[in-house]
Number of protein chains: 2
Amino acid sequence: MKKKNTPTESELEILQILWQHGASSVRTVNEILNENREVGYTTTLKIMQIMTDKGMVIRDTGQRTHIYEAVAQENDTQKTLLDSFVEKTYRGSTMRLIMQALGQQETNSKELEELKKIIDQLEKKNK
Amino acid sequence: MKKKNTPTESELEILQILWQHGASSVRTVNEILNENREVGYTTTLKIMQIMTDKGMVIRDTGQRTHIYEAVAQENDTQKTLLDSFVEKTYRGSTMRLIMQALGQQETNSKELEELKKIIDQLEKKNK
DNA sequence: CTTAACATACGAAAATAATCGTATTAATAT
DNA sequence: ATATTAATACGATTATTTTCGTATGTTAAG
C-alpha cells in the first residue's frame with residue numbers, strides 16, 4: 001500500500017484546479033486562485049514546487065513554462081479525506097455523516113431518485 | 001449570527017471527549033486522550049485554556065480542579081465542519097459527498113431502511 | 001543590443017498550531 | 001509541620017504551513 005500524502009488546505013485548493021482544468025501552468029493556477037482570494041504568484045509557485053517534492057503532482061519541464069498535473073485522482077483523494085473527516089468529526093460513523101448531510105441538502109427530486117437507486121443496489125448486494 | 005469558531009484538530013479531539021463524557025476536568029480529558037496517543041498533561045491543559053479564551057468551552061472554577069464543558073452542541077459543530085468540508089473537498093456538492101460516503105459504507109440493512117425513510121420524507125416535503 | 005516581461009529556484013519571514021518546562025499555589029499524607 | 005502530590009498559569013520552543021522577496025535565467029519587443 002502506498003503511503004497516503006494528504007494535501008494541506010492550499011494544496012487541495014490547487015489540486016481542485018488541476019482536476020477541473022487539467023494540466024496547467026503556475027500562471028494559470030494562480031490566476032484561477034485569484035478569482036477567489038489574493039495570492040502572490042511566487043506563493044503559488046512555491047506550493048506547487050513543494051507538491052512536486054511530495055510527489056503529489058508531476059510536471060513537464062520540457063518548455064520554459066512548466067506544466068503541472070495531479071498524480072492522484074480526485075475520487076481517490078476525496079475518499080481518503082472523507083475517511084479521515086468521518087473519523088475526526090463523526091467518530092467513525094459514516095452513517096451519521098450521511099444522515100446529517102441529507103438534512104443539509106437542498107432537496108432535488110432527481111438526485112433523490114438517484115440516491116434511492118444506489119441504496120436499492122446496496123440492499124441487493126446485501127442479500 | 002454568531003461568529004463560528006471552528007476548532008483546530010486537537011481542539012476537536014477534546015470537544016469529542018467533552019461531548020461523550022460530559023463536563024470533565026483536564027486530568028480526565030488527558031487520560032482519555034492518552035488511550036490513543038501520548039500527550040503531556042500541560043499540553044492538554046494549555047489547549048483547554050486556549051479554548052476557554054476562544055469561548056469554545058466554559059469552566060467552573062469553583063473548586064481547585066476546574067470542570068470544563070463544551071459550549072456548542074456536537075450537532076452544530078458537525079454541521080459547520082461538514083459545510084466547510086464539502087466546500088473544500090467536493091466543491092460544494094453535498095450530493096457527491098453522500099454518494100461517495102454510501103459507497104464506502106459497510107452496508108447494513110437496518111440503516112439503509114432508515115435512510116430510505118428519510119429520503120421519502122424529503123420527497124414528500126418537496127412536493 | 002538593451003530593456004521589459006515572465007519564468008523558476010530558493011531561503012527566510014510570518015502565521016498558526018502543538019508541545020512542554022517551570023513557577024506557583026493548594027491539598028493531602030506522613 | 002513537612003514532604004509529596006496535584007492543580008493552574010503562562011512563557012517559550014518546536015513544528016507545520018503559508019507567504020513573499022530576491023536572485024537568476026529566458027524570451028520577446030523596441
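None of these values were measured; they are calculated from a predicted model. Just so it is clear: chains get the letters A, B, ... in the order the sequence lines come, proteins before strands, and each one is counted from 1.
- Val71(B) and Leu18(B) fall into different hydrophobic clusters, where Ile, Leu, Val, Met, Phe, Trp and Tyr residues are linked whenever their side-chain heavy atoms come under 4.5 Å apart, directly or through other members.
- Side-chain proximity of Arg59(B) to dA9(D), dT8(D), dT19(C): nearest is dA9(D).
- Contact annotation: Tyr41(A) reaches the phosphate of dT8(C) (side-chain N/O to OP1 or OP2, under 4.0 Å).
- A straight line from CG of Leu12(B) to C1' of dA17(C) spans 14 Å, rounded to a whole angstrom.
- With rounding to whole Å, Gln63(A) atom CD is found 12 Å from dT26(D) atom C1'.
- In this entry the distance linking CD of Glu13(B) with P of dA17(C) reads 15 Å, nearest Å.
- Listed by chain and residue number, Arg91(A), Gln78(B) satisfy the side-chain hydrogen bond (donor to acceptor under 3.5 Å, both in side chains) test with Glu74(B) (two or more places apart in sequence, or in another chain).
- Met48(A) has its CE atom 17 Å from the C1' atom of dT17(D), to the nearest Å.
- With sequence neighbours excluded, no residue satisfies side-chain hydrogen bond (donor to acceptor under 3.5 Å, both in side chains) with Asp60(A).
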Atom pairs, N/O to N/O, protein against nucleotides 22-25 of chain D, distance under 3.5 Å?
from, atom 1, to, atom 2, distance (Å)
dG25(D), N2, Arg64(A), NH1, 2.9

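- With sequence neighbours excluded, the residues forming a side-chain hydrogen bond (donor to acceptor under 3.5 Å, both in side chains) with Gln105(A) are Glu111(A), listed by chain and number.
- Between Ser10(B) and dA18(C), a side-chain N or O to OP1/OP2 separation shorter than 4.0 Å is present.
- Side chain of Arg37(A), nearest nucleotide from dA9(C), dA7(D), dT19(D): dT19(D).
- Legend: residues meeting side-chain hydrogen bond (donor to acceptor under 3.5 Å, both in side chains) with Tyr41(B), ordered by chain and number and at least two apart, are absent.
- The side chain of Gln49(A) lies closest to dC10(C) when the candidates are dT19(D), dC10(C), dA7(D).
- Applying the 3.5 Å distance criterion, the base of dG21(D) shares no donor-acceptor pair with the side chain of Lys46(A).
- Listed by chain and number, the residues in a salt bridge (Lys or Arg N to Asp or Glu O under 4.0 Å) with Lys54(A) are Glu11(A) (sequence neighbours excluded).
- Ionic pairing of Arg59(B) and Glu69(B) is not present here: no N-O contact between side-chain nitrogen and carboxylate oxygen is shorter than 4.0 angstrom.
- Thr43(B) comes within 4.0 angstrom of a nucleotide base, judged by non-hydrogen atoms across all strands.
- Minimum atom distance to the side chain of Arg27(B) is reached by dA7(D), of the listed dA7(D), dA18(C), dA9(D).
- Counting only heavy atoms from C-beta on, Thr65(A) has its side chain closest to dA7(C) among dA7(C), dT8(D), dA17(C).
- Applying the 4.0 Å criterion to OP1 and OP2 of dT8(D), one finds that Thr61(B) has every side-chain N and O outside that range.
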